[in-house]
2 protein chains.
Amino acid sequence: MTDPLDTRDRRPGGRTARVRAQVLDAVRAELAERGHEGLTMEGVATRAGVHRATVYRRWHDVGGLLADVIDAAGEIDWQPPDTGSLLGDLTALNQEIQESLVVRPSLAVALMAASFHSAQAARAQTQLWTDRYAQCEVLVERAVERGELAAPHTDPRGLLIAATAPLYHQLVLLRADPDPRLPQRAAEAAVLAAGAGAFRLRRGESA
Amino acid sequence: MTDPLDTRDRRPGGRTARVRAQVLDAVRAELAERGHEGLTMEGVATRAGVHRATVYRRWHDVGGLLADVIDAAGEIDWQPPDTGSLLGDLTALNQEIQESLVVRPSLAVALMAASFHSAQAARAQTQLWTDRYAQCEVLVERAVERGELAAPHTDPRGLLIAATAPLYHQLVLLRADPDPRLPQRAAEAAVLAAGAGAFRLRRGESA
């Protein structure tokens, strides 16, 4: 969409980056206040103090704004926890997830809700999650290196999904009250299952 | 809202039941065709061939229609699987869940999406899930009776959430392609975790 060789105003801190930061801040604030149903190009432009024409030209529509907020989350230098044990790492990861889902307003929940209504937001969301789960595979690799898991046949993504899915299911879909014990319990169940032979890749099978 | 002693036209198969069936069929069809964003009182009344005034009087708004569709799902005489083993039961349950989530259009997914936008639909959804998980606790009880699980300290809901959550997470939130092996794998991980001591209630703790 833009010429990658045209670096005018595209250096970090340049005008393009500044406008993007202002607009995405405005999207997050509008999402928090009104939910995605109240999100409009006009509302975002006004809040950001940016010309409407600029917002339309660069983001096209609300789906474009949502997708870019999600993409921006993926650009943060996030690192998975490194506590020294698989159980500790998965518990810390789950605590981070639980915090992001129970904070009010929750940007994470607003973006999940929005992704049911915008194919573009849904694609960005799926990409972000794919990247984050891929980043977290190192937790499983480290556990194998430490001898906590039988190498090399564990499906890391299967284990990570098992550890984290109960958080999303309870808090986002079932709308249960947050349980401070859940991050550790869900992590523990996944670690015990792995130790008992779950998530093994069968011969010739890929994850 | 209605007088429980007034049974005119409220007998099964009476006019009230017929109108409800027509209206809820119309809601399901509209959801399937247009998603909940295209759901309107007028569209439902027209499709059902029922006076708009009747639809407004009885269901008030779109949230009321959504909640009643979910309530109606809860009135079906659903029984959890009974295959003779915990792994078999949880696998069969997961297969049922997977089918409901991957069918296109999926009423289950449309209702989950809608529940992000209607507090009334969200409450109905939470109630339905609470009831269904409570019904499924019998799977865990039977497993304890058969000696498959150490009695009586397993948290049945924790085990059931662990077994089923990966299906919802993968198919609804992560939008992964359906994996025909997932129902059994997720069930197996939960059973192995339980066998290894996960989901144990601590002394003095309730589920």
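From a predicted model like this one, the values you see are computed outputs, not experimental measurements. Below, chain A is the first sequence line, B the second, and so on; all start at residue 1.
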Do the non-hydrogen side-chain atoms of B:His36 and A:His117 ever get within less than 4.5 Å of each other?
-> yes
Exercise: identify the closest heavy-atom pair between B:Ile161 and A:Pro166 = CG2-CB, 4.0 Å
State the CZ-CG distance between A:Arg132 and B:Leu174, to the nearest 0.5 angstrom.
-> 13.5 Å
For the residue pair A:Ala189 and B:Ala193, what are the closest heavy atoms and their distance?
-> O-CB, 3.3 Å
For side-chain contact (heavy atoms from CB on, under 4.5 Å), just list the numbers for B:Arg157 and A:Gln170, CA-CA rounded to whole Å, side-chain angles, deciding distance to a tenth of an Å, and then say yes or no.
-> CA-CA 11 Å; B:Arg157 189 178 150 101; A:Gln170 291 270 30; 3.0 Å; yes
Minimum side-chain heavy-atom gap B:His169-A:His169 below 4.5 Å | no
Of all residues at least two apart in sequence or in a different chain, which pass the side-chain hydrogen bond (donor to acceptor under 3.5 Å, both in side chains) check with B:Tyr56?
-> B:Glu42
Heavy-atom pair count under 4.5 Å with chain B, highest-scoring of A:Ser115, A:Ala162, A:Gly197 = A:Ser115
With a 4.5 Å heavy-atom cut-off, do A:Arg185 and B:Arg200 have their side chains touching?
-> no
Counting only pairs under 3.5 Å, give me each side-chain donor-acceptor contact of residues 121-129 of chain B, with atom names and distances, residues two or more places apart or in other chains.
from: B:Thr126; atom 1: OG1; to: B:Ala122; atom 2: O; distance (Å): 3.0
from: B:Gln127; atom 1: NE2; to: B:Asp131; atom 2: OD1; distance (Å): 2.9
from: B:Trp129; atom 1: NE1; to: B:Tyr168; atom 2: OH; distance (Å): 3.4

Whatever's closer than 4.5 Å to a heavy atom in chain A on B:Thr130 counts as neither
With respect to chain A, which residue among B:Ala165, B:Ala198, B:Ala190 yields the maximal number of heavy-atom pairs within a distance under 4.5 Å?
-> B:Ala165
Which answer fits B:Ala186, side chain, backbone, both or neither, if we ask what part of it has an atom under 4.5 Å from a heavy atom of chain A?
-> neither
Would B:Arg175 count as a cation-pi partner of A:Phe116, with NZ or CZ less than 6.0 Å from the six-membered ring centre and within 45° of the ring normal?
-> yes
